[in-house]
Amino acid sequence: MILANEPVIVAPWTGAPMIPHHDEVWSAWLHGSVAAIHNAGRLLLVVPVSALTPAAISLALRLYDVGSVTLLD
């Protein structure tokens, strides 16, 4: 469940909460959605890159805006 009042942050897949989910993050991205993880009261939109670019951030936020999100737990 994604909460509307949660802060949304785009993150690369190199951080500690994302490392166990590499396969799921990659699969979501390949299927046209952005992976999301709840972490410390925030929703992390996880992009399969080690360094974020403006294009990756923009695409992740666009996918989130249109509801194409795969929630990982």
L72 side, atom CG; E24 side, atom CD - distance, nearest 0.5 Å: 5.0 Å

Audit row: H38, L71, side chain to side chain contact (heavy atoms under 4.5 Å, CB included) steps and yes/no: CA-CA 8 Å; H38 291 283; L71 187 59; 3.7 Å; yes

Under the criterion side chain to side chain contact (heavy atoms under 4.5 Å, CB included), which of V34, L61, L59 is the partner of V10? L61

Under 3.5 Å, side-chain donor or acceptor atoms of residues 45-53 against the rest of the protein: list the pairs with distances, not counting sequence neighbours.
| from | atom 1 | to | atom 2 | distance (Å) |
| --- | --- | --- | --- | --- |
| T53 | OG1 | A56 | N | 3.1 |

State which residues pass side-chain contact (heavy atoms from CB on, under 4.5 Å) with I9; sequence neighbours excluded, sorted by chain then number. R42, L44

For D23, I'd like to know if atom CG has over 12 heavy atoms of other residues, nucleotides or ligands within 6.0 Å. no

[X] versus [Y], closest heavy-atom pair with distance:
X   : Y   : value
S68 : G32 : OG-O, 2.7 Å
G41 : P7  : O-CD, 3.3 Å
S33 : T70 : OG-OG1, 2.8 Å

H22 and W13 aromatic ring geometry - parallel, tilted or perpendicular at 30°/60° bounds: parallel

